[in-house]
There are 2 protein chains.
Amino acid sequence: MFITEIAKTGSIVNTSDRLFVSSPAISLAISSLEEELGVKIFERSRNGLEPTEIGKKLIIAAQEILNQIEKFKQEAKSDSSEIEETLSISAVQSLCRSIIPKTSAVLKAKFPKITLQIKEAHPS
Amino acid sequence: MFITEIAKTGSIVNTSDRLFVSSPAISLAISSLEEELGVKIFERSRNGLEPTEIGKKLIIAAQEILNQIEKFKQEAKSDSSEIEETLSISAVQSLCRSIIPKTSAVLKAKFPKITLQIKEAHPS
DNA sequence: TCAAGTTACGGCGTTCGTAACTATT
DNA sequence: AATAGTTACGAACGCCGTAACTTGA
């Protein structure tokens, strides 16, 4: 669904920069979509792409699809984030300074309600 | 998006038959989705799959995505089908009885408003 | 001549199907 | 034993990136 982004940025190159996808990939994706639908979505020009009349309608419809997908993800996220647990972690000092901070950041992002108890252990 | 179909048919096997996709492919797709989202969508049992609570919500959200996609396609179709042309075709008798009917059926499906003028030609 | 888009092509990842395995009744 | 789901694995398809080409100001 590059078409919504192209509509916003005005060109394939800008979209390429913004989404970190190469111009040829985007160009081909658009062409393929147009051929599949039998509809020209954009007018190509020297400095960018401009939606056709039907293109504008399709871009709106595409944006609605993306919104629904976002809703879907949020729905799932709101559930998995309902996990409320207390996770106790013991680790030697070196680990406390290195991987533990990264790990806990990831966990906090996925399960906002989690409680982390980190305890420094003494190697035997 | 196999999850909506599974919700309707009640099992992977039925979905497999209905969508002409193998059971393992569907099974793996569901597992992957569940892992990606960090959410269990179905309870597995001897005779089929039943949605969990969050699964039901996700299935509804997924169905809305599919509906939006259908809208998108319809939008495109309604445009390409606005082509009103008269297409004249001449062909020798043998062709008139063979490929022409198939071809015109395809054209009529894609461009409902098209007019076909088929004329039998006489080989020189 | 420069900037944007397109075409060509090779590589990689995803997804699929077949086959074999597990589990539940 | 039979049926539904899962795991393993090899193959096919699609999508992407690099490079080269085309086009319009």
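All values reported here derive from a predicted model rather than from experimental measurement. Chain letters run A, B, ... following the sequence lines, proteins first and then strands; every chain starts at 1.
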Inset, instruction - Send over the distance from B:L19 CG to C:dG17 P, rounded to a whole Å. - result: 11 Å
Inset, instruction - Just call it for A:S11: base, sugar-phosphate, or nothing, with non-hydrogen atoms closer than 4.0 Å on any strand. - result: sugar-phosphate
Inset, instruction - In plain terms, say whether B:R44 and B:E34 are close enough for a salt bridge, that is, a side-chain N and a carboxylate O under 4.0 Å apart. - result: yes
Inset, instruction - Please check if the side chain of B:T52 supplies one atom and the backbone of B:I41 the other of a donor-acceptor pair under 3.5 Å. - result: yes
Legend entry - Sugar-phosphate, base or nothing in reach of A:L28, heavy atoms under 4.0 Å: nothing
Inset, instruction - Starting from P on C:dT22, measure out to CZ on B:R44 and report it in whole angstrom. - result: 19 Å
Legend entry - Between D:dC15 (C1') and A:E36 (CD): distance, integer Å: 14 Å
Legend entry - Phosphate-side-chain proximity, B:S23 and D:dG5, N/O vs OP1/OP2 below 4.0 Å: no
Inset, instruction - Select one nucleotide: of D:dC16, C:dT6, C:dC16, the one nearest the side-chain heavy atoms of A:A25. - result: D:dC16
Inset, instruction - Output the single nucleotide from D:dG24, C:dA8, C:dC16 whose closest atom is nearest the side chain of A:R46. - result: D:dG24
Inset, instruction - Rounded to the nearest angstrom, tell me the gap between atom CZ in A:F20 and atom C1' in D:dG17. - result: 15 Å
Inset, instruction - Could you check if a side-chain atom of A:I65 sits within less than 4.5 angstrom of a side-chain atom of B:F72, using non-hydrogen atoms only? - result: yes
